[in-house]
*Asks:* 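Sending over a structure as structure tokens; questions will come in a sec.
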Amino acid sequence: MEESSLLSIKELAKVTGITQSTLRYYDEIGLLSPTLRGDNNYRYYHPHQIVLLNFINVLADMGVSLAKIKELKTDRTPSSILEVLRRQEVELNRQLREIQGAYTIIHTFRDNIQTGLLARDGEISVQDLPELPIILGQDNDFRNRESWYSAFMDFYKSAQQYRINLRYPIGGMHESMNDWLREPGWPKKYFSMDPVGNSVRAAGKYLVSYHRDYYGQFGDIPERMEGFARENGLQFEGPVYNIYLHDEICTVDPNQYLVQITARLKDSKRTARRD
């Protein structure tokens, strides 16, 4: 075949959208070699090789390895390709789950950080909060009261058993407002803000406060929240949740960690009906 009826590497690249550098690499690994090399050592391709290049591109776009594509180039059947596609579908499903997981982690941290940027350190207010899915860990053992690190490490060690994704923000849950006021640095359970959730922070009205300090350090916030509730005739029901909106992910200084404390308020109308 004369060179005039062949495609130069530049022409093939233009027709197929595959870069010249990729075509050279395919030649180097023996995946797609030119039909002819001219006197100037230029690569020339038969138009029919576009069909072979399409086979390569379709499988490569599916994530099939070039080594496997090279193997299939000269030995493939509908059944063998069907098996390749089945395996690749399984692999892509795994990757999609990872991507979805990464997306939800990003979304969770983004929401936390944005909420923290709008918060005022030390502010106490009543807010309507939406339902928040979480995954609770095991009960903490703080019997020695030497450090919360031991219980926190137990939480990490049990993460697989409780199917807890430790990449999500971690918070602390107290069984009641009285428990939190008595021992704010010793939560009953730790939890992950994984939206899959085996539990939820129920939607409703909450007394909400913000404090900037290291993990488990709340300054005078417990006393101030208690005083605010007393002055406004507020009563509590259910757990108290401590969520670190700003943590080591977004700030280097641990004294700048920002915790949100949420204590659910009793529904006065519901209480009146019950009485």
*Asks:* Kindly compute the distance separating NE2 (His107) from CD (Gln100), expressed to the nearest 0.5 Å.
*Replies:* 10.5 Å
*Asks:* How close do Tyr162 and Leu136 get, heavy atom to heavy atom, and via which atoms?
*Replies:* CD2-O, 3.9 Å
*Asks:* Salt-bridged, Lys14 to Glu11, with N to O below 4.0 Å?
*Replies:* no
*Asks:* Would you sort out whether Met177 and Met225 count as a side chain to side chain contact (heavy atoms under 4.5 Å, CB included), showing the intermediate values?
*Replies:* CA-CA 10 Å; Met177 185 61 166; Met225 289 183 73; 4.1 Å; yes
*Asks:* Return the orientation label for the Tyr44 and Tyr42 ring planes: parallel under 30°, perpendicular over 60°, tilted otherwise.
*Replies:* tilted
*Asks:* Check Asp179 with Lys188, please: is the shortest side-chain N to carboxylate O separation under 4.0 Å?
*Replies:* no
*Asks:* For His48, is there any backbone N or O sitting under 3.5 Å from a side-chain donor or acceptor partner on His46?
*Replies:* yes
*Asks:* So, Thr77 versus Ser79: side-chain donor-acceptor pair below 3.5 Å or not?
*Replies:* no
*Asks:* Search all heavy atoms of Pro169 against all heavy atoms of Asn112 and return the closest pair with its distance.
*Replies:* CG-ND2, 3.6 Å
*Asks:* When you measure from the side chain of Glu175 to the backbone N and O of Pro239, does any donor-acceptor pair fall under 3.5 Å?
*Replies:* no
*Asks:* Would you name the heavy atoms of Pro222 and Pro184 that are closest together and state the gap between them?
*Replies:* CG-CG, 4.0 Å
*Asks:* So, does Thr22 use its side chain to make a donor-acceptor pair with the main chain of Ile18 at under 3.5 Å?
*Replies:* no
*Asks:* Cluster question for you: counting only ILVMFWY and a side-chain heavy-atom cut-off of under 4.5 Å, with indirect links fine, are Leu132 and Val208 together?
*Replies:* yes
*Asks:* Any idea which heavy atoms bring His246 and Arg212 closest together, and the distance?
*Replies:* ND1-NH1, 4.0 Å
*Asks:* Roughly how far apart are Ile243 CD1 and Ile170 CD1, rounded to 0.5 Å?
*Replies:* 11.0 Å
*Asks:* CD/Gln88 to CG/Asn93 distance, rounded to the nearest 0.5 angstrom?
*Replies:* 10.5 Å
*Asks:* Determine the interplanar angle of the Tyr257 and Tyr244 rings, folded into 0 to 90°, and report it as parallel if under 30°, tilted if 30 to 60°, perpendicular if over 60°.
*Replies:* perpendicular
*Asks:* Taking C-beta and beyond as the side chain, do Leu31 and Ile56 meet within less than 4.5 Å on heavy atoms?
*Replies:* yes
*Asks:* Taking it one step at a time, do Phe236 and Leu207 satisfy side chain to side chain contact (heavy atoms under 4.5 Å, CB included)?
*Replies:* CA-CA 9 Å; Phe236 301 95; Leu207 185 62; 3.6 Å; yes
*Asks:* Main chain of Leu234, side chain of Asn232: is a donor-acceptor contact present, judged purely on distance under 3.5 Å?
*Replies:* no
*Asks:* Is the number of heavy atoms from other residues, nucleotides or ligands under 6.0 Å of Glu123 CD greater than 12?
*Replies:* yes
*Asks:* Got a second to check how far Asn242's CG is from Thr262's OG1, nearest 0.5 Å?
*Replies:* 7.5 Å
*Asks:* Do Met173 and Pro187 have side chains that approach each other closer than 4.5 Å (heavy atoms only, starting at C-beta)?
*Replies:* no
*Asks:* Is the shortest side-chain heavy-atom distance between Arg43 and Arg37 below 4.5 Å?
*Replies:* yes
*Asks:* Going through the checks in order, is the salt bridge (Lys or Arg N to Asp or Glu O under 4.0 Å) test met by Glu89 and Arg86?
*Replies:* CA-CA 5 Å; Glu89 187 176 29; Arg86 186 193 67 78; over 6 Å; no
*Asks:* What's the verdict on side chain to side chain donor-acceptor pair (under 3.5 Å) for Thr115 and Gln260, showing C-alpha distance, side-chain angles and the deciding distance?
*Replies:* CA-CA 10 Å; Thr115 299; Gln260 179 195 63; over 6 Å; no
*Asks:* In this structure, are over 12 heavy atoms from other groups packed under 6.0 Å from Arg224 atom CZ?
*Replies:* yes
*Asks:* I would like to know whether Tyr26 and Leu66 meet side chain to side chain contact (heavy atoms under 4.5 Å, CB included); could you show each step before the answer?
*Replies:* CA-CA 9 Å; Tyr26 286 173; Leu66 294 182; 4.1 Å; yes
*Asks:* When you measure from the side chain of Lys189 to the backbone N and O of Gly172, does any donor-acceptor pair fall under 3.5 Å?
*Replies:* no
*Asks:* Would you kindly confirm whether Val64 and Tyr25 end up in one hydrophobic cluster when ILVMFWY residues are joined by side chain heavy atoms under 4.5 Å apart?
*Replies:* yes
*Asks:* For Val200, is there any backbone N or O sitting under 3.5 Å from a side-chain donor or acceptor partner on Glu131?
*Replies:* no
*Asks:* How long is the span from the CD atom in Gln138 to the NZ atom in Lys157, to the nearest 0.5 Å?
*Replies:* 10.5 Å
*Asks:* For Ile134, is there any backbone N or O sitting under 3.5 Å from a side-chain donor or acceptor partner on Ser199?
*Replies:* no
*Asks:* Are Val15 and Phe55 connected, step by step, through hydrophobic side chains (Ile, Leu, Val, Met, Phe, Trp, Tyr) whose heavy atoms are closer than 4.5 Å?
*Replies:* yes
*Asks:* Could you please spell out the steps behind the side chain to side chain contact (heavy atoms under 4.5 Å, CB included) verdict for Thr108 and Tyr103?
*Replies:* CA-CA 9 Å; Thr108 302; Tyr103 174 84; over 6 Å; no
*Asks:* Can you find a heavy atom in the side chain of Gln127 that is under 4.5 Å from one in the side chain of Lys205?
*Replies:* no
*Asks:* For residues Ile29 and Lys70, report the shortest heavy-atom separation together with the two atoms involved.
*Replies:* O-NZ, 2.7 Å
*Asks:* Any side-chain heavy-atom pair from Leu245 and Tyr210 closer than 4.5 angstrom?
*Replies:* yes
*Asks:* Is there a side-chain contact between Phe152 and Tyr215 (heavy atoms, below 4.5 Å)?
*Replies:* no
*Asks:* Answer yes or no on whether Arg264 is positioned over the face of Tyr241, meaning its NZ or CZ is under 6.0 Å from the six-membered ring centre and within 45° of the axis.
*Replies:* no
*Asks:* Do Tyr168 and Thr104 get their side chains close enough for a donor-acceptor pair, meaning under 3.5 Å?
*Replies:* yes
*Asks:* Checking Ser192 side chain against Ile164 main chain: does a donor-acceptor pair fall under 3.5 Å?
*Replies:* no
*Asks:* Taking Arg87 first and then Glu91, would you say they form a salt bridge - that is, a charged N and a carboxylate O separated by under 4.0 Å?
*Replies:* no
*Asks:* Go through the steps to decide whether Arg24 and Glu28 satisfy the test salt bridge (Lys or Arg N to Asp or Glu O under 4.0 Å), and finish with yes or no.
*Replies:* CA-CA 6 Å; Arg24 293 190 189 96; Glu28 291 172 6; over 6 Å; no
*Asks:* I'd like to know if Phe228 and Val240 are part of one continuous hydrophobic network [Ile/Leu/Val/Met/Phe/Trp/Tyr, side-chain heavy atoms within less than 4.5 Å].
*Replies:* yes
*Asks:* Could you check if a side-chain atom of Ile105 sits within less than 4.5 angstrom of a side-chain atom of Asn165, using non-hydrogen atoms only?
*Replies:* yes
*Asks:* Of the non-hydrogen atoms in Ile69 and Ala60, which two are nearest, and what is the gap between them?
*Replies:* CD1-N, 3.6 Å
*Asks:* Count the heavy atoms of every other residue, nucleotide or ligand shown that sit under 6.0 Å from CZ of Arg94, and state whether that count exceeds 12.
*Replies:* yes
*Asks:* Quick one: do Phe155 and Val196 end up in the same hydrophobic cluster if we chain Ile, Leu, Val, Met, Phe, Trp and Tyr together by side-chain heavy atoms under 4.5 Å apart?
*Replies:* no
*Asks:* Would you say Asp27's side chain and Ser33's backbone share a donor-acceptor pair under 3.5 angstrom?
*Replies:* no
*Asks:* A side-chain contact here means heavy atoms from C-beta on lying under 4.5 Å apart; do Tyr156 and Leu166 qualify?
*Replies:* yes
*Asks:* For the atom pair CZ (Arg163) and CG (Asn198), what is the distance rounded to the nearest 0.5 Å?
*Replies:* 10.5 Å
*Asks:* For Arg76, look at atom CZ and say whether over 12 heavy atoms of other residues, nucleotides or ligands are found less than 6.0 Å away.
*Replies:* yes
